Structure formats: structure tokens, C-alpha cells
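Below is one structure, written out as C-alpha cells; comments come after it.
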Amino acid sequence: IYSLAIVLPGILMGIMAYQGIINDQARRDQESRNSLTGIADDYFYALDSMLVSDLNSLKNDTPYQDSYPDYLRLAFVHTSNPDIKLLHHNLIFIPDSVESSFSDKENDELLDFLTKIRKYKRLNQYRKALETWQTIEKKFANHLISSKTPVILVAQLEQIKILAQLNDDPETQQAISRIYHTLLHPPLPYEASQFRFFMNELASKNQEDNLALDSVRLLVQNKAEETYFLIRMISEKDPVFLQAKQDPAWPGIYKGLLNRGSLLSIYLAIDRPDNSRIGCIIDIIPFILARSNIIMDKLDPEGSLSWKITDDTDEIICSGITSEENEYSDFNFAENYPNLILEIKENQLSFFSQLKSKGQGLFILIFVFIAGLMIIGLAFTIYTLNHELKLNRLKSDFISNVSHELKSPLTSIRHLTDLLHTNRVKTEGQKKKYYATMLDQTEHLSYLIDNILDFSRLEDHRKKFRFQDVDYAVLLNKWIAGFTQRLHQNGIELTIDIPENLPTTMIDPDAIQQVIQNLMDNAIKYSGKGKKIEIKVRKDATVLITSIRDQGLGISKTDQDRIFDRFYRCEESQEMGIKGSGIGLTIVQRVVAAHRGNIDLLSAPGKGSTFTITIPIKQTNNDEKDTAG
Ligand code: ADP
């Protein structure tokens, strides 16, 4: 029944739920892929839009602005060929003869300083001259001499020369490193020819075996190479990318990738209302770095995505929240961008948010339900199995107990019969005594068998009760008389207290006889050293109360709850070798119940037991008529 009702439907529902989860997973994967594709498209679109919007002010011919983003390397416009005007730049030097927005006034203060230095040199006061150059370096960092030469570079170069004269190697090295730094990050724009001049000057001052200096020099050289390339390009009459013939990326804006050496840029050519064109060079990696986080925050405000941008060597360029897992969906950047990949994935939801997410939640609930059902089923099966095993053990105990109980009267009868049969009993008196014992044992045997048969009838609900109006006192005395010999053999004293003038009582005399016999049998069997049994009858209103009290072994509290169960026998009585089959009290309880009465027990270990049965004097139910007579 369990497997039909629970296991089979459970397995079926389990298979269905599993299928459901698989389908649901596939659907969710597809949905997730679609939504990720949408997000990637939005990202690329937003990136392009930002490129344009960032440069809108250039298109409208807004004059030079400090607020141009860092990643705008260069913005220029051809005025009249070959003149070019730089609108903005991040170059380390600018083309020769390009109109500079920095002017210089001859500065009297500077001249004063120079006169001082000449004087110090004459007097061989090199340290003083050095200090004065340091003051000039700080004070005139933003000045050009003759509109061309940056004061800061001159001051730094002069310091190197003086230090070389003073043979101060460590300080010379520091000064060289400082001037390279200034060349990399000039505080003001100056011409390429000046840059070349200072680089030549420095070439003669290079120190041997100085790794730090070598690497900073290499940096300056690379940057210079990039800058020469860019200057050459924009100085052409028609720079390559301004001839853009391809379709515009946006109305009036042409776009292309500029990839040369360390230079990784996008160039944009922007048409202006006056038919001139602006050229822009955007450093693409810094641009992506500056914009990706802003865009992704807008596209995914709840932070439910992990994302990163990697190059073709799998190096991460920039990222949002990331995890170690490999389930990212890859999206290539559009053409005109470098070879980069946008990798996105949806973050794993927590168990509870998964439960909340509709589809899967239902299947998980079904799963939990099935698991619960299975567990209940399993517990039920284990309980039933356990119960059955116990009952089986009790039954087999019962069979061996009954066999033993039946065997002892049979053995005694057989032995006596044998003695009589072989004429080994001499006196008549002896013979009489043996016959009496045989009769006694036969009655006991038939009592035992009746007990078993009645138990089986009661179990199958086949037992028919025949109620009659009887004189209970007379019958009770007769039934008890049957025990006289056993009481005598066991040296037990019996006291009987039955009041006179008891009314006739409606009972099944055979059944009640069995009740009294079973209770008396137990009282004798379990008397132990207690040698007294009392039987008391009382009439109380509409009931007769019969109690049988012994002073024997008594019954513990835990056993009191179980002795009326079929086949149950207390451990102590079994250990003492007292014979019994564990059905006596079961019969007593059922017969009393059939008489609409009840049975009470008062007992304590070592103090004896009192079984009290209460039976109504008149039976008022219908069974009485059906079964009476
Ligand atoms: P049994 O055939 O073993 O006597 P019963 O059903 O009559 O079976 O009794 C069940 C158990 O209750 C007995 O095995 C015994 O341990 C305990 N019992 C019954 N009556 C008494 C009593 N008067 N005193 C002590 N123990 C008793």
C-alpha cells in the first residue's frame, strides 16, 4: 500500500519535477543569454554614444578647454594648409611653429637671478649657483625663454652640469631622473626642436649601469616616438584619416582604429558646419577604463551581473564584480575598437531568491513535498516493520510458552496412568488419590485449552456471549472451590468475603468463570512467598465489584501499562520460570469489556497485586437479548 500510494506517485512526480527543472533551466539559460546579449549591445552602444557626446563641444568650435577628458590625446583643426591649430593635446611636445597659447614676457626677476649665478660662478661658489638654479626651477616652471625654451628644463640641465663639476654622482643621477620626469610630464607645451635639444644634451650625460635611469629614458623615448608619429600625421597636408571616405559612424563623424606600436587609439574625424574637419585621437584603453563602470552601473543598477573586459591575452583590462567561475558569456567589441572581449554573467541567486523566482520555485516546492512524503513513508514503513517483527517474536514466544504449559499436566497424567496401568499402585487409598490428581490435571488441561480457544475466538470476533440471570455468589463459590487443592499444595490461605442477598446478575457465566479462573491462576502463580489471597465482592448501586488480592511479586508501573497486551509477559516472571502464555489478562479485559464493565489494577513490586473487576448487574444493551439463553 505504501509503495502504491506514496513511492510510485513520488517517483512519477520526482521524474516530472526533474524534467520540469531541466526544461526550466534550459529556458532560463536561453533567457539569460538573450538578456546578456541585450546588455552587451546596450554597453557597446552607450560606449559609442559617450565617445560622441564627450567630444560634442569640439564640434561646436568651443575654444580650448581644460576640462577635456584625459583620454583625448589630441584634438586639432586645419585652418589653412599646412597650418594646424591644436584645440587640445596631451602630447609631451608640440609641432614646431605651431601657434602656442603660451606667451612669455621677459622677466626682470629672472634676469636678476641669471646675473647672480654668473657672479657665483666667477667666484667658484658652485653650491650657491646650484641653489639659485633650484629657486629658478620652482619659480619659473611655467615660463618659456624667447617663446621657445622652457625655463624649468634649462634650470634642471644647468644643475646637472654643476653637479657633474662637483663630482657628486648620486645627486647628478637624481637630477637626470628629474629632468626625464619633466620631459614626460611637461608643465607647459613647447616645441619638438626644444625636446630634441634637451635629449641630445642628456645623451652625453648618461651614466653607466643605472637601471632606473635606463628605464625612465626608455619611457621618454617611446613616448617621443609616439608623439613624432602623431605630429607627422597631423602635419600632413591631408592627414590620412581626414580623407575618410567610408560611411560615417554617426552623422558627420568618421571613425577608425589607430594601432601603431604602443599607441592604441581611435581616431575620429568630425565635420564642422564651416566644412572644416576636426581630428581627434582618443586613447582607447583609458577611455574604456573611465567609462565602463559608469555605463555598467546604469545598465545593471542592482549589481546582479559580474563583468570584465579582457584583451586577447586574457589579461583583465577592467572589471565590475567578478567571480572565479568560467560561465561568462563573451562578446567581441565592435570593429574600430581594439581586439577586446566583454565578458558578462548573471550572479548566482541565493537559495531563497531562487525559491522566490517563479518557475523554479514551484518545482523546488514539489521536490520538497515529495521528499517530505518519502520521509513520512519511510518512517511509517520502519514503524510497521518494527511492530510486525515484535509481534512475530511475541507469537513464537507464545507457541513455545503454550507448549511448555500444556506439557506439564500431560506429563503428570501420563506418569500416573502408567503407574496405574502396570499395577504398581498397591493401596486403594493411593489409587484414589492418583485418580483425583489425574482429574485435577485434566481439568487444568482443558482450562488451558479453553483459554487458547477463547482467545482465538475473541481475536477473530467470533466469540458469542450468552448472557443469563444468575446467582453470582453461588457460581463464584463453585469456581473458587476448583482451586482448593492447588491452594492447599502451595500452602496459600484464601479468605472469601461475599455479602448475602446479592441480586441475580446478568452475565455470561462461562466467560466470567474464565475471568475468575485466570485471575485466581495468576494470583497463585505469582504469589511467591506471599501466602494469602483475598476475594471480596461488593454491590455498589447498579454494579458488582469483585476484587482478587494477592501478596505476591507485584507488578512495576511500566509493566502495568502492558500486561493486558496480548502475549505480553513480565520479564521477572519469565526469569523465575513461572509458566504462562501471556493471553490470560487479554481474555479477562475483553470479556469484562463485553460485559460493559471495567478492570482496575493496584500493584507495587514486592507488595502484591489487586485486580478489581466491575460488572453491571443488569445488561441494558441489545446484545443481551440477541445472545441471551
Ligand atoms: P501469563 O500466562 O503469563 O500469566 P497473563 O496475561 O495472565 O499471562 O499475565 C501477563 C503477565 O502479567 C504475567 O506474565 C505476569 O508477569 C503478570 N501478572 C499477571 N498477574 C500477576 C499477579 N497477580 N502478580 C504479579 N504479576 C502478574
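Ligands are counted one by one from 1 in listed order, and the atoms in each one are counted from 1 as well. Along the sequence shown, the residues carry numbers beginning at 1. Bear in mind that the values here come from a model prediction, so they are computed numbers and not experimental data.
A salt bridge does not link Asp440 with Arg486: every distance from a Lys NZ or Arg NE/NH1/NH2 to an Asp or Glu carboxylate oxygen is 4.0 Å or more. Under 4.0 Å is where a charged nitrogen must lie from a carboxylate oxygen, and between Arg27 and Glu31 at least one such pair does.
Ranking the protein heavy atoms by distance from atom 2 (O) of ligand 1 puts Ser581 N, 2.8 Å first. For atom 13 (C) of ligand 1, the closest non-hydrogen atom of the protein is Tyr526 OH, 3.2 Å. When only non-hydrogen protein atoms are considered, atom 9 (O) of ligand 1 lies nearest to Leu585 CD1, 3.6 Å.
The distance from ligand 1 to the heavy atoms of Phe611 drops below 4.0 Å at these ligand atoms: 20 (N), 23 (N). Within ligand 1, counting atoms from 1 as listed, the ones closer than 4.0 Å to a heavy atom of Gly584 are 5 (P), 6 (O), 7 (O). The Lys525 neighbourhood of ligand 1 comprises atoms 1 (P), 2 (O), 4 (O), with distances under 4.0 Å to a heavy atom of that residue. The Gly580 neighbourhood of ligand 1 comprises atoms 1 (P), 2 (O), 3 (O), with distances under 4.0 Å to a heavy atom of that residue. Atoms of ligand 1 found under 4.0 Å from any heavy atom of Tyr568 (numbered from 1 in listed order, with element): 10 (C), 11 (C).
Figure legend: cation-pi geometry between Lys463 and Phe465, with NZ or CZ positioned under 6.0 Å from the six-membered ring centre and within 45° of its axis.
The aromatic rings of Trp479 and Tyr472 lie perpendicular to each other, with more than 60° between the two planes, well past the 30° mark. Ring geometry for Phe44 versus Phe333: interplanar angle over 60°, hence perpendicular rather than tilted (30 to 60°). Ring geometry for Tyr43 versus Trp307: interplanar angle of 30 to 60°, hence tilted.
Heavy-atom proximity to atom 26 (N) of ligand 1, evaluated over Thr610, Ile555, Asp565, is greatest for Ile555.
Ligand 1 has no nitrogen or oxygen under 3.5 angstrom from a nitrogen or oxygen of Glu405. Polar contact check, Lys579 against ligand 1: no nitrogen or oxygen pair lies under 3.5 Å apart. Between Gly554 and ligand 1, no N or O atom pair is found at a separation short of 3.5 Å.
Between the side chains of Asn518 and Tyr447, at least one donor N or O sits under 3.5 Å from an acceptor N or O. Counted by atom type alone, Ser547 and Thr612 present zero donor-acceptor pairs between their side chains at under 3.5 Å.
The part of Asp550 lying near ligand 1 is the side chain, judged by heavy-atom distances below 4.0 Å. At a heavy-atom distance under 4.0 Å, only side-chain atoms of Ser573, from C-beta outward, approach ligand 1.
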(message) Please evaluate residues Tyr337 and Phe287 with respect to the criterion ring pair (Phe, Tyr, Trp, His ring centres under 6.0 Å), reporting the C-alpha separation (whole Å), side-chain torsions for both, the decisive distance (0.1 Å), and the verdict.
(response) CA-CA 11 Å; Tyr337 277 94; Phe287 168 68; 7.2 Å; no
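Distances shorter than 4.0 angstrom occur between a heavy atom of Ile583 and an atom of ligand 1.
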